[in-house]
Amino acid sequence: MSKPILSSHFESRKPSAVRLAQMKYEERKVKPEAVINVGIGNVSLPTNPAMQKRMFSLDAPESPFAKGIVRYSTTAGYVECQDAFKNILACEGFDTSKLFVQITDGGSAAMELLLIGVCGPAGTDEKPLMMIDPAYTNYISFAERTGRKTVTVKRNLGEDGKYNLPELNKIEEAIKAHNPGALLVIPYDNPTGQYYDYETLKDLARLCVKYNMWMISDEAYRELYYVEDSQLVSIWGVTDADVPGIEGRRISIETASKVWNACGLRIGALITDNAEFNNRSIAEYTANLCANVIGQYIFGALAHESKEQIADWCKNIREYYREQIVGVYNGLKAQEPGLIVSSPDASIYTVIDVRNVVKPGFDAIDFVLYCAGEGSVSIDGVETTLLIAPMKGFYDIKAGEENPGSTQFRISFVETPENMAKIPELFVKLLKQFEAKR
């Protein structure tokens, strides 16, 4: 008897780079005593106290769920949840009076909706999304899912650990060649940890105006910056006063996941200053009905926090990550000076490049699968392994091109400080163990 046939899309699908190690580890029959999982940005810190208060009292008289009834919200989301995102921006010093907010099921749903909204028709090369490589792998995955096209301009990781943007004329050449519908920036970058200052954002904004593109900013990690004398940056800080014509083409992707430590809440948002984009976006999202209403209610607590409360929370989170990221950076360089480690400037990620310390033919995915499937070393007398993300999936590489991610890994600062402190020794020991077996 013949079997039903999968779609060609399903047949071609492979696990996301950030989930690969976890999936392999779950298949492992004999597991080590301990595992440290920094392959995915699954924040393990407690969420904001105001959100916790609602989370632990869904049956309170003032809760919309007090009687056990869980109804849809409007497609755009509860006004209070929209106001929470606006309040955060207002407390950070940005004008929100002309902004429109649509609540989505996490930042991921916002990404998918965005691609449909700014790119050309499915199955064509028209109006692709332009990204700066390496870019967060989900944009590539969602583009493939929706049949939209992505194009990239390349960054390289230098020996000094710095990612440098291509020269503006190179970016402009790529724009002329591909006619993108939008340019994506991630000012506190995932996966590289690069920090974009305002001058960089303004330069890119001028290109968006010149070539009539949308400017999209993924601001999941806004507030998480560690460069001395740096400042909070946002697409909402780039106005017509800086770049005439930028207003009306700005879109940001927001989430409760990172700064607010609520990954599993699955609450995100598309924010724009373009009324037509917002109206069409809501029309498209009506097929999804609405985002998670319990999550909306919990996140909505931030609509009532003061400027001081928002600032204190963000300052504490920023200081927590700065200490972890700088500590791991220094530890890795001490354990193996030949490693290239990305500069600890922003977000909650570090990229490690082993190109100077491994034998020819090294493949990052092989090492990730080795650590997850069989490798372990003794750390403080405990057999331990490490789950990390290979960088190959973060590059949008054409067939036949060399992938810089073949020797690179992304680690996420999501484990306890005690576990994060073990990573330099753990990573280097596992790498040497793997190389010895090759």
Taking 4.0 angstrom as the limit, do [X] and [Y] come out as a salt bridge?
X    : Y    : value
E223 : K315 : no
K98  : D273 : no
R155 : D189 : yes

Would D353 and R355 count as a salt bridge (Lys or Arg N to Asp or Glu O under 4.0 Å) if you check the C-alpha gap in whole Å, the side-chain angles of each, and the deciding distance to 0.1 Å?
-> CA-CA 6 Å; D353 196 324; R355 66 192 187 219; 3.0 Å; yes
Output field: ring centroids Y221/Y349 closer than 6.0 Å |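 For Y221 and Y349, the ring centres are under 6.0 Å apart.
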Check the pair R280, E284 against salt bridge (Lys or Arg N to Asp or Glu O under 4.0 Å), reporting the backbone distance first and the verdict last.
-> CA-CA 6 Å; R280 299 295 184 183; E284 175 66 31; over 6 Å; no
Which atom pairs, donor and acceptor, lie under 3.5 Å between side-chain atoms of residues 323-331 and protein residues at least two apart or in another chain?
| unit_1 | atom_1 | unit_2 | atom_2 | d |
| --- | --- | --- | --- | --- |
| N330 | ND2 | V326 | O | 3.4 |

What pairs with D83 under salt bridge (Lys or Arg N to Asp or Glu O under 4.0 Å), at least two apart in sequence or on another chain?
-> none
Test log, rule side-chain hydrogen bond (donor to acceptor under 3.5 Å, both in side chains), inputs E219 and S234 | CA-CA 7 Å; E219 305 213 346; S234 169; 2.8 Å; yes
Check the pair K422 / T384 against side chain to side chain contact (heavy atoms under 4.5 Å, CB included), numbers first and verdict last.
-> CA-CA 10 Å; K422 296 175 184 176; T384 308; over 6 Å; no
In this structure, are over 12 heavy atoms from other groups packed under 6.0 Å from E159 atom CD?
-> yes
Flag, side chain of R249 to backbone of M213, donor-acceptor distance under 3.5 Å = yes
Please check if the side chain of T96 supplies one atom and the backbone of A90 the other of a donor-acceptor pair under 3.5 Å.
-> no
With a 4.5 Å heavy-atom cut-off, do S257 and R266 have their side chains touching?
-> yes
With sequence neighbours left out, what residues match [X] under ring pair (Phe, Tyr, Trp, His ring centres under 6.0 Å)?
X    : answer
F277 : W214
F362 : F434
F427 : F367, F409

Are side-chain N/O atoms of Y188 and Q194 paired as donor and acceptor at under 3.5 Å?
-> no
Ring pair (Phe, Tyr, Trp, His ring centres under 6.0 Å) pairs, two or more places apart, involving residues 225-246 |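 Every pair satisfying ring pair (Phe, Tyr, Trp, His ring centres under 6.0 Å) with a residue in residues 225-246: there are none.
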Please say whether the positively charged group of K31, taken as NZ for Lys or CZ for Arg, lies over the ring of Y25, i.e. under 6.0 angstrom from the six-membered ring centre and within 45 degrees of the axis.
-> yes
